[in-house]
Amino acid sequence: MESSEDRRKDFCEFYHRLLSPRVAALVVALRDDGKPNVMPAAWHTPVSVKPPVLAVCISPSRYTHSLILKNKEFTINVPDLSMKDAVEMAGSKSGKDFDKSSLFKFTPATKIKTPLIEGAIGTIECELNQAIDVGDHSVLFGNVVACQARGFGEVWKGKSPLLHLGSSFYTVMKEGNPQ
Ligand SMILES: Cc1cc2nc3c(=O)[nH]c(=O)nc-3n(C[C@H](O)[C@H](O)[C@H](O)COP(=O)(O)O)c2cc1C
């Protein structure tokens, strides 16, 4: 029989699943050869509106982590369901040993050198504010310098962002507004 201690242990190991779903955001950072590297990141949050600042939690083991610390900028791109296969591919291989630039099409950003993903339903351009190491991830704070969206009023209308539930599970929002 499962003890209360076992339950507590499982709960702690998977606590982050209780905070899902979250947008499977695509983080783009520039490689040394100038090509874009893409990694999905679901651990992100806005942290300030005035000034606009967001945070994304990236393990130092990710290639993206070193690229952002070096270039001091990155873009966040909101995929829809049509990009699910490319999202999974970008999340299963590291740019350290695989050129992921052919998985997506890119378009220039407006304020920074790092490009945006063409076809993304939302894009955010960030300059690195600071990075703080916490446990097995670092929290990278980005000053939002530009932001664009298709189909976004007060809530997303039309295509839903691709939402990550954890592991290899995804979902999307039902069309229409909650009543
Ligand atoms: C949907 C999804 C969400 C992910 N979220 C994160 C995350 O928030 N932080 C993180 O460090 N890794 C996350 N990962 C894992 C990285 O995307 C994965 O390790 C990737 O291959 C790293 O690429 P890179 O080494 O080229 O930077 C996620 C993967 C997927 C598929």
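One-based numbering, in listed order, for ligands and for the atoms of each.
Within 4.0 Å of ligand 1, counting heavy atoms only, the contacting residues are Asn37, Met39, Pro40, Ala41, Ala42, Trp43, Cys57, Ile58, Ser59, Arg62, Tyr63, Thr64, Ala90, Gly91, Lys93, Ser94, Gly95, Lys100, His137, His164, Tyr170.
The environment of NZ in Lys111 is sparse: at most 12 heavy-atom neighbours from other residues, nucleotides or ligands sit within 6.0 Å.
The other residues sharing a hydrophobic cluster with Tyr63 are Leu67, where clustering joins ILVMFWY side chains under 4.5 Å apart.
A donor-acceptor pair is defined here as one N or O able to donate and one able to accept, closer than 3.5 Å; no such pair exists between the side chain of Asn77 and the backbone of Ala120. Judged purely by atom type and a 3.5 angstrom limit, Asp80 has no side-chain atom pairing as donor or acceptor with the backbone of Leu162.
Residue pairs that meet the salt bridge (charged side-chain N to carboxylate O under 4.0 Å, His left out) test with at least one member in residues 116-126, sequence neighbours left out, do not exist here.
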Compile the donor-acceptor pairs under 3.5 Å between side chains in residues 83-93 and protein atoms, sequence neighbours left out, one pair per line.
from: Ser92; atom 1: OG; to: Glu88; atom 2: O; distance (Å): 3.3
from: Ser92; atom 1: OG; to: Met89; atom 2: O; distance (Å): 3.0

